[in-house]
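Written below as structure tokens is the structure these notes are about.
Computed from a predicted model, the values in this text were never measured in an experiment. Only this structure's heavy atoms are used, side chains among them; waters, hydrogens and symmetry mates stay out.
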Protein chains: 2
Amino acid sequence: MKRPTIADIARRAGVSKGAVSYALNGQPGVSEATRKRILSIAQEIGFSANSAARALSGARAQAIGLTLCRPARILGIEPWFMGLISGFEAELGARSYALTLQVVATPEQEIEVYRRWWGERRIDGVIVTDIREGDVRIPVLQQLQLPAVVIGGPGDTGSIAQIWSDDAGAITEAVRYLVALGHHRIARVSGNADLLHTQNRTKAFEAVCASLGLDHALTIPADYTGEEGSRATRRLLIGGDRPTAIIYDNDVMAVAGLAVAQEMGLSVPGDLSIVAWDDSPLCSLVHPPLTALSRDISAYGAQAARELLAAIDGQKVGNVEAGRVHLTPRGSTAPPRQDL
Amino acid sequence: MKRPTIADIARRAGVSKGAVSYALNGQPGVSEATRKRILSIAQEIGFSANSAARALSGARAQAIGLTLCRPARILGIEPWFMGLISGFEAELGARSYALTLQVVATPEQEIEVYRRWWGERRIDGVIVTDIREGDVRIPVLQQLQLPAVVIGGPGDTGSIAQIWSDDAGAITEAVRYLVALGHHRIARVSGNADLLHTQNRTKAFEAVCASLGLDHALTIPADYTGEEGSRATRRLLIGGDRPTAIIYDNDVMAVAGLAVAQEMGLSVPGDLSIVAWDDSPLCSLVHPPLTALSRDISAYGAQAARELLAAIDGQKVGNVEAGRVHLTPRGSTAPPRQDL
DNA sequence: CTGAAAGCGCTTACAG
DNA sequence: CTGAAAGCGCTTACAG
């Protein structure tokens, strides 16, 4: 099948190609009657503008890029990226923007992808996740002047806007809740220690524990995978002075932690309370269902896409706080049975 | 920063733009010495060909499309799509192909997306999943002559090649294994009943149960979500004549089923054995870890990408069987404790 | 309000 | 082996 072009429309409407372009893009320069005629012809013959031609004539590529940096074994079950993607689509779909995806292994490889995308003019902007202190990607994006929005923080991202969430407030709330239930020995299993939001959470966790006079505030660093979550949990539960509650930096590690407790014959929540960061269907899938720090990841993604599209349009965009994280109590938390 | 073009390279190398194009694309028409000089200049100035210009001059868009058709709440935790995506990338990355993603709600909407992509020349081909009997997408793809590869089957997909797997053989193996353990009452919780592979599995399940003389071969249709998995499991376990083993069509429903059993005070595998279709880290994450019908989803994706790239290159591609599904026994299956 | 034309950055026959 | 040129399908100043 031959793809229809604006020339086909112009011929049928008896106008020039320029007029068709103006009509299609809502620009002034054609009469209302002509515009209507052109639009109805376009509709009728199923016209979609060739995105290459449009991009080449200086318009946008009408696509944004996202890199996924996770080992394959975790990529599949961590709801985080798919949640973000669902959110993006809500915004992108309405403006016929496409989402281009690339799996990478390291931030360095990610930089290569950004450079290539930029050179190819393949995308109009990127969404950056997993931000680190002194992140190597930031100066490259600034140098390329590639519109970008960072998901994560708060932290230093130079001139690039970020969508951040109050992780410190959330973890403080979780600790206060556990203490109110009667817990004194609270531990945490964190995500990768080099990520900015992990550091923010660790600092806040230590601060709130100190302020409440808890001295067992141990954070064991892990990497979001089930394997590491299990390992960290075993290490915590083997000791004599084991915690009565553990907060996990993601749902996958929390579920793995639950399995370890069950395997060791500990009852949840009787012997051990569990809190998962990031609520996902996974938390409600297991027994007992996990108390979680919930936030609407999809809304987070939608907001990021909105900001990025604004940045691409040349608007000034600043840092934005995402929707609040809130505690969703479920069956995995309760007063400690015997706190001796 | 100004993007370098072939004109920049041509100027620096003292040759024509045409020569640069030939050199870059490995076409004959330039001497070896010139080609080397051009390539080193391109390397030096970090040149990537403008993908829009390339696509417009008749070459490929260098991108393939994938639509994701799942409700948001399941998209995030089902490892299937992310596994596929990881697999695609292994093939696409090597040839600098991009992957364009679009979330859709229905097959009809998916068709609209295909039409638009085709009109925009945005992608060179698509990978189609969730194939149904008499699938409405097939004739559209054929009419548009959009290169495509179907993941799923075996079944009728007209002239479009499919990567299929022997689901019938796999479920037969699973049932035989359970029967060998001593189970007689085996049930199944399936995915969406309108999907071709669900129907293939159901037929094979009923056939093997009949051939082995099991008369409780009940399949309860569900939809891959944890909610439906729980509902179906409760329905099965509430009855007086409850099954001693359940096979689930995906890992999410199997995990949900495990939780329901635990919630009802049934021991797994003592009172109930559980088999999950599609092994994923999720199966090893819970306690007990789930016996699973494993296949390498990522390899499946890689194979599909390979076939699609071949089809885009104009090669004839036929149906291909994906790597075999095999049973991975874990802690969730055992002889039934008391089979009265 | 409309038409004719240049130009985006490539690829690819077509001459030399 | 190399250069000059047309053309892909749009967008957008520039004349009328």
As a test of reading the structure: which of C:dT12, D:dG3, C:dC10 is closest to the side chain of B:S57, going by heavy atoms? C:dC10
In terms of side-chain heavy atoms of B:T5, which of C:dC10, C:dG3, D:dT11 is nearest?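 The nucleotide sitting nearest to the side chain is C:dC10.
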Are B:R295 and B:S165 close enough that a side-chain donor and a side-chain acceptor fall under 3.5 Å?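 A pair is found: one side chain offers a donor N or O, the other an acceptor, under 3.5 Å apart.
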Does one side chain, of B:Q142 or B:S159, offer a donor that lies under 3.5 Å from an acceptor on the other?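 The criterion, which ignores hydrogens and geometry beyond distance, is satisfied for B:S159 and B:Q142.
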Assign each of B:P28 and A:L24 to its nearest nucleotide of DNA chain D by heavy atoms, then name whichever residue's nucleotide is nearer the 5' end. B:P28
Gap between atom [atom2] of [Y] and atom [atom1] of [X] - 0.5 Å precision:
X      : Y      : atom1 : atom2 : answer
B:F88  : B:L308 : CZ    : CG    : 8.5 Å
B:I312 : B:D124 : CD1   : CG    : 5.0 Å
A:L101 : B:E89  : CG    : CD    : 6.5 Å

A:R137: what forms a side-chain hydrogen bond (donor to acceptor under 3.5 Å, both in side chains) with it, not counting sequence neighbours?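 In terms of side-chain hydrogen bond (donor to acceptor under 3.5 Å, both in side chains), with neighbours along the sequence ignored, A:R137 is linked to A:E110, A:D135.
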Run the side-chain hydrogen bond (donor to acceptor under 3.5 Å, both in side chains) test against B:Q162 and tell me which residues pass, sequence neighbours left out.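 B:Q162 satisfies side-chain hydrogen bond (donor to acceptor under 3.5 Å, both in side chains) with B:T157 once adjacent residues are dropped.
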Can you check whether B:I64 reaches B:I123 side chain to side chain, under 4.5 Å on heavy atoms?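 B:I64 does not reach B:I123 side chain to side chain.
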Heavy-atom distance under 4.5 Å between the side chains of B:T129 and B:F81, does that happen here? yes
Spacing between [X] atom [atom1] and [N] atom [atom2], to the nearest angstrom:
X      : N      : atom1 : atom2 : result
A:N25  : D:dC10 : CG    : P     : 10 Å
B:R11  : D:dG3  : CZ    : C1'   : 16 Å
A:K17  : C:dA5  : NZ    : P     : 11 Å
B:E120 : D:dG9  : CD    : P     : 15 Å
B:Q27  : C:dT12 : CD    : C1'   : 9 Å
B:I9   : C:dG9  : CD1   : P     : 13 Å
B:R121 : D:dG9  : CZ    : C1'   : 9 Å
B:I6   : D:dA5  : CD1   : C1'   : 13 Å

A:V15 or B:G18, whichever maps to the more 5' nucleotide of DNA chain C: A:V15
Whether the side chain of A:R35 engages the backbone of A:G29 through a donor-acceptor N/O pair (distance < 3.5 Å, no angle test) should be reported.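 Between the backbone of A:G29 and the side chain of A:R35 there is no qualifying donor-acceptor contact (under 3.5 Å).
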side-chain N/O A:S21 vs D:dT11 OP1/OP2, d < 4.0 Å: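 Affirmative; the distance criterion is met.
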Under 4.0 Å between any heavy atoms, over every strand shown, what does A:S31 touch: base, sugar-phosphate, or nothing? Just pick one.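 A:S31: backbone/sugar contact only, no base atoms under 4.0 Å.
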Side chain to side chain donor-acceptor pair (under 3.5 Å) pairs touching residues 43-60 of chain A, sequence neighbours excluded, are A:R12-A:E44
Using a 3.5 Å limit on both distances, find every run of at least three consecutive Watson-Crick or G-U pairs that involves DNA chain D. C:1-3 with D:14-16, C:5-12 with D:5-12, C:14-16 with D:1-3
List, with names and distances, any nitrogen or oxygen atoms from the protein found under 3.5 Å away from nitrogen or oxygen atoms belonging to nucleotides 14-16 of chain C.
none

Where do B:V150 and B:I138 land on the side chain to side chain contact (heavy atoms under 4.5 Å, CB included) test, with the steps shown first? CA-CA 9 Å; B:V150 162; B:I138 301 293; 4.1 Å; yes
DNA chain C contacts made by residues 33-56 of chain A, counting heavy atoms under 4.0 Å: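 Heavy-atom cutoff 4.0 Å gives A:T34, A:L56.
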